[in-house]
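Structure, as structure tokens:
None of the values given here were measured: they were computed from a predicted structure. When reading the values below, keep in mind they use all heavy atoms of this one structure, side chains included, and skip hydrogens, waters and symmetry mates. Chain identifiers are assigned alphabetically (A, B, ...) following the order of the sequence lines, protein sequences preceding nucleic acid strands; residue numbering begins at 1 within each chain.
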Amino acid sequence: MTLVGEGRQPQHGGTETVKDPLVELYDEAAAELEKEQSSLIITDESQDKIPEAPTSQLEKGPAKGFACLAPPQEESTQNPNQYIIDKLKELRSIYESKQGDTDTFKVFNLNKVIGDLSRVKHKITTRAQALKLQGSGAKTADKIMEIIATGELQRIQAEDTEEYRVCKLFAGIYDVGAKRAHQWYGMGLRTLEDVEKHKEEIRLTRNQSIGLKYYNDLQERIPRAEASAIFDKIRETAMTLDGNATVYIMGSYRRGEQTCGDIDLLLTRDPTDGITHAGMLHKLLDRLHEQGILTDDLVIPPDNRALEQKYMGVGRLPPDGKMRRIDILAIPYDQKGAALIYFTGDDLFNRSIRLLARKKGYSLNQRGLYGGVGRDTKGKKLSEGTIIASKTEKEIFDVLGVPWREPHERRRK
DNA sequence: CAGTAG
DNA sequence: GGGCCTTACTG
DNA sequence: GCCC
């Protein structure tokens, strides 16, 4: 069996070398690397010999600005631009709560700037420096200069209205986004109590009701230790169903963050003995409900014998832990690498590496890296193409020419 | 299909 | 001017 | 909001 999330403890030795809390994750990555190198020789030159992309190749290589190609972030050193980052995050929050299509991309863009800003080591003091940041153009540079000069951003004060605050509150409910939030605001609702009181009129859905019921708990971040404890329980239960099961914990936990937004688990099984994990997730979910770990289902996989299934629900550390979002993804064993990339994120890294794949004539999704993908002139996918890599993350990175990035190096902060 | 989510 | 990740579920 |  394979486990991620436990293993040797960090050694608390020297002072400045407080051991990375991710030690346990390196084991897995290293193991994956070893397996990789035994089956496939990788040299520096091998990048020139990666499978030729069957469709349109980039003529001059990928443009810069791919987060997945950027050097890893500095680890926990005081960021000299933190005060700028904080203001840009406030602005991002405002854009997030808006409904327009362009606002979505403003958020996307700000994420790039924030990501680069948290990577940069020097203090930004001039407009020229601000302009150099990835995703930063004239307007963003102006905003950064305003923050540097005044410590404030007028745009934020102007947009910090009651509507913004109420919609932000509403959008904290699971399955409520900007559209519904504004819709409810337009109907006169202002508080969560209003939402509860008018649930019939606004046709609150089943999942929204769950989100509302656990609003406060679900708003909170999950301490790493608790995520680990929940993972242990679920893994143990899975192992009682099949001792050859493989359970990983992914998402922000695998990226090494001290708190997690939710708990993302991956379930699979090595089929070389002729047995797969078909039907296992379904049984696992039943057990977890019996154990009081899972309390509410948000999305249940329709076909309980399929090898690929995604479960989304709510649960806790029994008997009385806080309610947490729990996702379990079951996948075919040979798609483990692609699934790990997908479920480990972060989202910016995923979007970046997927865009890179597309620009190189491939397509990357949670199942694998595909070549020979048919696309229309707008880049919309017409045919699936053929699978090129999916077993390990490294294999996929190599084909794309992405330098290896440990999970904890795939975050923007 | 729109909206939401990962 | 048009793309900015990709796939899946819900109602 | 940025980039091609």
With a strict under 4.0 Å distance from non-hydrogen atoms of chain A, what nucleotide opens and what nucleotide closes the contacted stretch of DNA chain B, reading 5' to 3'? B:dG3 to B:dG6
Given side chains that start at C-beta, do those of A:Q309 and A:I300 come closer than 4.5 Å, heavy atoms only? no
Using a heavy-atom cut-off of under 4.0 Å over every strand shown, decide if A:K112 touches base, sugar-phosphate, or nothing. nothing
Dot-bracket notation for DNA chain C, counting Watson-Crick and G-U pairs under 3.5 Å, with | for partners on another strand: |||||.|||||
Identify the heavy atoms of A:L356 and A:L400 that sit nearest to each other, and give their distance. CD2-O, 4.0 Å
Using the test side-chain hydrogen bond (donor to acceptor under 3.5 Å, both in side chains), find all partners of A:D347 that sit at least two apart in sequence or belong to another chain. A:R412
Pairs under 3.5 angstrom, nitrogen or oxygen only, protein versus nucleotides 5-9 of chain C, please.
unit_1, atom_1, unit_2, atom_2, d
C:dC5, OP1, A:R351, NH2, 3.4
C:dC5, OP2, A:R351, NE, 3.0
C:dC5, O2, A:R354, NH1, 2.9
C:dT6, OP1, A:R375, NH2, 3.1
C:dT6, OP2, A:R358, NE, 3.3
C:dT6, OP2, A:R358, NH2, 2.3
C:dT6, O4', A:R354, NH1, 3.0
C:dT7, OP1, A:N365, ND2, 3.0
C:dT7, OP1, A:K381, NZ, 2.6
C:dT7, O3', A:R367, NH2, 3.4
C:dA8, OP1, A:R367, NH2, 2.2

Assess whether atom CZ of A:R206 is packed by more than 12 heavy atoms of other residues, nucleotides or ligands within 6.0 Å. yes
With sugar-phosphate meaning primed atoms plus P, OP1 and OP2, does A:V176 contact a base, only sugar-phosphate, or nothing at under 4.0 Å between heavy atoms? sugar-phosphate
According to side chain to side chain donor-acceptor pair (under 3.5 Å), does anything in residues 174-187 of chain A pair up with another residue at least two apart or in another chain? List the pairs. A:E162-A:Y185, A:E163-A:H182
Validation row: A:K213, A:M323 side chains within 4.5 angstrom (heavy atoms): no
A:T272 meets the side chain to side chain contact (heavy atoms under 4.5 Å, CB included) criterion, sequence neighbours left out, with A:D270
Residues that A:L169 engages under side chain to side chain contact (heavy atoms under 4.5 Å, CB included), provided they are two or more places apart: A:L192, A:Y215
Restricting to pairs with a member in residues 101-114 of chain A, which pass side chain to side chain donor-acceptor pair (under 3.5 Å), not counting sequence neighbours? A:R92-A:N111
Test side chain to side chain contact (heavy atoms under 4.5 Å, CB included) applied to A:K283 - qualifying residues, sequence neighbours left out: A:L241
Interface residues of residues 198-208 of chain A with DNA chain D (non-hydrogen, below 4.0 angstrom): none
Got a sec, which pairs hit salt bridge (charged side-chain N to carboxylate O under 4.0 Å, His left out) with one end in residues 312-326 of chain A, sequence neighbours left out? A:E220-A:K322, A:E226-A:R324, A:R325-A:D327
Residue pair A:T268 / A:K336, side-chain donor-acceptor N/O under 3.5 Å: no
Heavy-atom check, side chain of A:L340 versus side chain of A:R254, under 4.5 Å: yes
Have A:H122 and A:N81 got a donor and an acceptor in their side chains that come within less than 3.5 Å? no
Please list, in numerical order, the residues of residues 179-194 of chain A that have a heavy atom closer than 4.0 Å to any atom of DNA chain B. A:K179, A:R180
